[in-house]
**Student:** 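Quick one: structure below, then a few questions.
As the structure is a prediction and not an experimental result, all values here were calculated from the model. Residues take their numbers from the sequence shown, with the count starting at 1. Each ligand, and each atom within it, is numbered from 1 in the order the structure gives. Just the heavy atoms: all of them, side chains too, but no hydrogens, waters or symmetry mates, feed the values below.
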Amino acid sequence: MNIAIGTKNPVKIQAVKKAFELTQLEALFTSYDVPSEVAAQPISDEETRLGAVNRARHAQRKDHADAGIGLEGGVKWIEGTLYLCNWGALVTSDGTVFTAMGAGLPLPDDIAKGIEAGSELGPLMDQFTSRTGIRHAEGAIGVFTNNLITRQSMFEHIVLQLVGQYILHKSVN
Ligand SMILES: O=P(O)(O)OP(=O)(O)OP(=O)(O)OC[C@H]1O[C@@H](n2cnc3c(O)ncnc32)[C@H](O)[C@@H]1O
Ligand SMILES: [Mg+2]
């Protein structure tokens with residue numbers, strides 16, 4: 001099957017490819033820089049999920065793929081604490097939408113203050129770690145789990161949830 005991925009971020013692309021390796025599906029991949037149509041820094045489950053769905057829809061339409069996949073990273077407030085939140089969506093050529101959420105943990109106060117002030121998590125994480133390109137590497141989830149879970153493995157898990165739902169749907173329809 002042809003899978004169109006709605007990002008050019010290599011971490012997300014690798015996550016999709018790795019997840020498909022664990023399935024019985026033969027897949028060919030393309031990737032496109034598509035709009036999420038939400039803020040560059042989504043700040044709720046709803047907004048992050050919508051970003052993932054929009055990316056999946058746009059990617060699917062780009063080359064009439066059998067399925068489009070969108071992955072979106074965001075943050076959300078729970079009881080005054082800022083948490084990481086991550087979402088994925090798979091949209092099929094007949095318009096069926098599957099969604100799934102991934103790992104999320106609380107972020108330090110300094111990061112939360114930066115987000116409140118309007119900054120994006122990517123640059124804030126670079127500042128926090130005195131490095132560059134954390135979002136293309138282990139991500140915030142990697143930094144705050146001591147690399148036990150990386151941004152790639154986190155997104156891989158989301159894609160497995162999406163593909164699992166898709167396979168089940170195909171087998172009963
Ligand atoms: O090229 P795309 O696909 O857009 O990949 P991205 O790394 O920008 O990822 P998102 O747009 O999904 O993430 C939304 C925002 O949150 C940031 N972000 C999300 N998760 C992150 C993480 O784990 N580590 C660092 N930054 C992260 C990212 O830099 C964006 O500002
Ligand atoms: Mg982005």
**Student:** I need the minimum non-hydrogen distance between A52 and E72, along with the two atoms involved.
**Tutor:**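 Between these two residues, the closest heavy atoms are N-CB, 3.7 Å.
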**Student:** At a non-hydrogen distance cut-off of under 4.0 Å, which region of K8 contacts ligand 1 (side chain, backbone, both, or neither)?
**Tutor:**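 Under 4.0 Å from ligand 1, K8 contributes no heavy atoms.
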**Student:** To the nearest 0.1 Å, how far is atom 31 (O) of ligand 1 from its closest protein heavy atom, and which atom is that?
**Tutor:** E120 OE1, 2.4 Å
**Student:** Answer with side chain, backbone, both or neither: which part of R55 has a heavy atom less than 4.0 angstrom from an atom of ligand 1?
**Tutor:** side chain
**Student:** Is the closest side-chain heavy-atom distance between L90 and I3 below 4.5 Å?
**Tutor:** no
**Student:** May I ask you to identify the nearest protein heavy atom to atom 16 (O) of ligand 1, giving residue, atom name and distance to one decimal place in Å?
**Tutor:**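 The closest one turns out to be Q41 OE1, 3.2 Å.
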**Student:** Kindly give the heavy-atom pair with the smallest separation between G133 and D126, and that separation in Å.
**Tutor:** N-OD2, 3.0 Å
**Student:** Counting C-beta onward and ignoring hydrogens, is there a side-chain heavy-atom pair between L71 and R55 closer than 4.5 Å?
**Tutor:** no
**Student:** Nearest non-hydrogen contact with atom 12 (O) of ligand 1 belongs to which option: S31, A40, G133, G73?
**Tutor:** G73
**Student:** Step through the shown structure and confirm whether more than 12 heavy atoms of other residues, nucleotides or ligands are within 6.0 Å of CG on D94.
**Tutor:**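 Yes, the 6.0 Å shell around CG holds more than 12 heavy atoms from other groups.
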**Student:** Identify the protein heavy atom lying closest to atom 27 (C) of ligand 1, giving its residue, its atom name and the separation to 0.1 Å.
**Tutor:**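 The closest heavy atom on the protein side is L121 CD2, 3.7 Å.
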**Student:** Heavy-atom contacts with G139 under 4.0 Å: which atoms of ligand 1 show up? List them by number with element.
**Tutor:**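 Selected atoms, number and element: 22 (C), 23 (O), 24 (N).
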**Student:** Applying salt bridge (charged side-chain N to carboxylate O under 4.0 Å, His left out), run through E37 and R57 and close with a yes or a no.
**Tutor:** CA-CA 11 Å; E37 295 173 276; R57 279 215 174 96; over 6 Å; no
**Student:** Take K76 and D45 through the salt bridge (charged side-chain N to carboxylate O under 4.0 Å, His left out) test and state the conclusion after the steps.
**Tutor:** CA-CA 6 Å; K76 63 180 171 189; D45 269 322; 2.8 Å; yes
**Student:** Under 4.0 Å from any heavy atom of T7, which atoms of ligand 1 are there?
**Tutor:** 1 (O), 2 (P), 3 (O)
**Student:** Select the closest option to atom 9 (O) of ligand 1 among E72, R135, R151, judged by heavy-atom distance.
**Tutor:** R151
**Student:** With only distance considered, is N86 within less than 3.5 Å of ligand 1 through an N or O on each side?
**Tutor:** no
**Student:** What protein heavy atom is closest to atom 10 (P) of ligand 1, reported as residue, atom name and distance in Å?
**Tutor:**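 Its nearest protein heavy-atom neighbour is K12 NZ, 3.5 Å.
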**Student:** Do V163 and F98 make a side-chain contact, defined as non-hydrogen atoms from C-beta onward lying under 4.5 Å apart?
**Tutor:** no
**Student:** What is the nearest protein non-hydrogen atom to atom 24 (N) of ligand 1, stated with its residue, atom name and distance?
**Tutor:**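 Going by distance alone, atom 24 (N) of ligand 1 is nearest to A140 N, 2.9 Å.
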